[in-house]
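Shown next, in structure tokens, is the structure this report addresses.
Everything numeric here is computed off the predicted structure, so don't read it as measured data.
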Amino acid sequence: MGSLEIQTPYTSSRPTDLEKPIADAVEDDDVSPIEEVRLTVANTDDPTLPVWTFRMWFLGLISCSLLAFLNQFFSYRTEPLVISQITVQVASLPIGRSMAAVLPKTKFKIPGFGSRTFSLNPGPFNIKEHVLISIFANAGSAFGSGSAYAVGIVTIIKAFYGRSISFLAGWLLITTTQVNLGVLLSQKKRYSFVIFLKAKFGLSFGFKLGKQ
């Protein structure tokens, strides 16, 4: 009698007809549906590009502060003028390239950072710096809303009700609302700010600031 041989089924590393739509869907997630974006922006990351550069911090902080000031200044108009981050996104590209051409490329060391070297001009102005500068500018324009929402509360307290509010109290009110914390303002003998920490711990604390 001959021996009985059991053959294992043939397995292929190529995707089957049922697996192809799933694989194509995963690959399509990284591809933009807009043709202009596909032609200009790569869907792969280049880890060699410098990110935390002097150009990024300088232009980012300047654009954030400038847009915050301008949007707040124009918010008191009868018809407010909103300057979005697109303005900075367009203007920062030639400015960044000009800084890359002008700034010195000399490397230096900072005490406390060991043997690491730093440079004001680590290379050409790249897309990562451009994106971070745009994020800074977007934060300065209140994410497209123009000025910070809570500034209107401070304005109403001082202009409409004729009350005084300290700088620290107003600053805390605006800051906490911008970082998505709930702020409750009650007026008794003093302005009492009760900040509810919207976290998984459910903590809450309160303090009093300012005078009536």
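Distance CG/L66 to OG1/T87: 10.0 Å, rounded to 0.5 Å. I127 contributes atom CD1, which lies 7.5 Å from atom OG1 of T40 (distance to the nearest 0.5 angstrom). Distance SG/C64 to CD1/I135: 11.5 Å, rounded to 0.5 Å. Atom CD of residue Q85 and atom OG of residue S141 lie 6.5 Å apart, to the nearest 0.5 angstrom.
Nearest heavy atoms, F58 versus M99: CD2-CE, 4.0 Å. Across all their heavy atoms, E129 and P124 have their closest contact at OE1-O, 3.8 Å. Looking at every heavy atom in both residues, P104 comes nearest to S119 through O-OG, 4.0 Å. When every heavy atom of L67 is checked against every heavy atom of A137, the shortest pair comes out as CD2-O, 3.5 Å. The minimum heavy-atom distance linking I133 with M56 is given by the pair CG1-O, 3.9 Å. Shortest non-hydrogen contact noted between P80 and S75 is CG-O, 3.9 Å.
I156 has its side chain within reach of Y161: a pair of non-hydrogen atoms, C-beta onward, lies under 4.5 Å apart. P50 has its side chain within reach of N126: a pair of non-hydrogen atoms, C-beta onward, lies under 4.5 Å apart. Two residues are said to be in side-chain contact when any heavy atoms from C-beta on lie closer than 4.5 Å; L59 and H130 fail this criterion.
When only modelled atom types and interatomic distance are considered, N121 and R55 share a side-chain donor-acceptor pair under 3.5 Å. In summary, the side chains of T48 and D46 do present a donor paired with an acceptor at a separation below 3.5 Å, with no hydrogens or angles considered.
Enclosure of atom CZ in R116 is not indicated, since only 12 or fewer non-hydrogen atoms of other residues, nucleotides or ligands lie within 6.0 angstrom. The number of heavy-atom neighbours closer than 6.0 Å to CG of L49, taken from other residues, nucleotides and ligands shown, is above 12. Counting non-hydrogen atoms of other residues, nucleotides and ligands closer than 6.0 Å to CZ of R38 gives a total above 12.
By the rule that hydrophobic residues join a cluster once side-chain heavy atoms approach within less than 4.5 Å of another member, I153 and Y76 end up as members of one cluster. Cluster annotation: W52 and F113 are assigned to the same hydrophobic cluster (Ile/Leu/Val/Met/Phe/Trp/Tyr, side-chain heavy-atom contacts under 4.5 Å, transitive). Neither V131 nor L39 shares a network with the other; the hydrophobic side chains, linked directly or stepwise wherever heavy atoms of I, L, V, M, F, W or Y lie under 4.5 Å apart, form separate groups for each. There is a path of hydrophobic side-chain contacts, each under 4.5 Å, that joins I110 to L103. One hydrophobic cluster, built from ILVMFWY side chains closer than 4.5 Å, cannot hold both I86 and L70; they sit in different ones.
A donor-acceptor contact shorter than 3.5 Å is absent between the side chain of S65 and the backbone of I62. Between the N71 side chain and the I83 main chain, a donor and an acceptor come within less than 3.5 Å of each other.
The aromatic rings of F118 and F108 are tilted relative to each other, their planes meeting at an angle between 30° and 60°. Between W57 and F136, the ring-plane angle classifies as perpendicular under the 30° and 60° cut-offs.
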**Prompt:** Can F125 and L93 be said to form a side-chain contact (heavy atoms from CB on, under 4.5 Å), step by step?
**Reply:** CA-CA 8 Å; F125 187 74; L93 181 60; 4.1 Å; yes
